[in-house]
Amino acid sequence: MKTMTYKGYTAEIIYSDEDECFVGHIVNIDAISGFHGDTDEELREAFENMVELYIETLAESENPPQKHFAGRLLSRLRQALHL
């Protein structure tokens, strides 16, 4: 599986034998975000258009756009727990 990023959003890309094209979706957002393309250029353009549409739609509804999570958990430990 390949990934693509734009404006802080990440998409996972696969090749669909059934559709005979590349298919992607934006990860870690609560929205349907599918897009597709036959070439890298078409796929990139479709992904960027999907991100722009997502941001624009949420801005109109006064809900801030969600961004993906960093995947990190930060925690402070007491000094006695440090090894």
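A distance of 9.0 Å separates CZ in Phe35 from CZ in Arg44, rounded to the nearest 0.5 Å. Rounding to the nearest 0.5 angstrom, the gap separating the CG atom in Asn28 from the OH atom in Tyr9 is 11.5 Å.
In terms of the ring-ring contact (aromatic ring centres under 6.0 Å, His included) criterion, Tyr6 has no residue partners (sequence neighbours excluded). Asp19 meets the side-chain contact (heavy atoms from CB on, under 4.5 Å) test with Ser16, Cys21, Val23; sequence neighbours excluded. Take Glu45 and apply the side-chain contact (heavy atoms from CB on, under 4.5 Å) test, not counting sequence neighbours, and it matches Asn49.
Contact of the Val27 side chain with the His25 side chain is registered, since non-hydrogen atoms from C-beta on lie closer than 4.5 Å.
Tracing side-chain contacts under 4.5 Å through hydrophobic residues (I, L, V, M, F, W, Y), one reaches Tyr15 starting from Leu43; they form part of the same cluster.
Residue Ile55 forms a side chain to side chain contact (heavy atoms under 4.5 Å, CB included) with just one option from Val51, Thr57, Leu58, and that option is Val51.
Within a 6.0 Å radius of NE2 in His36, other residues, nucleotides and ligands contribute 12 heavy atoms or fewer.
Of all non-hydrogen atoms in Phe47 and Ile26, the two that sit nearest each other are CE1-CG1, 3.8 Å.
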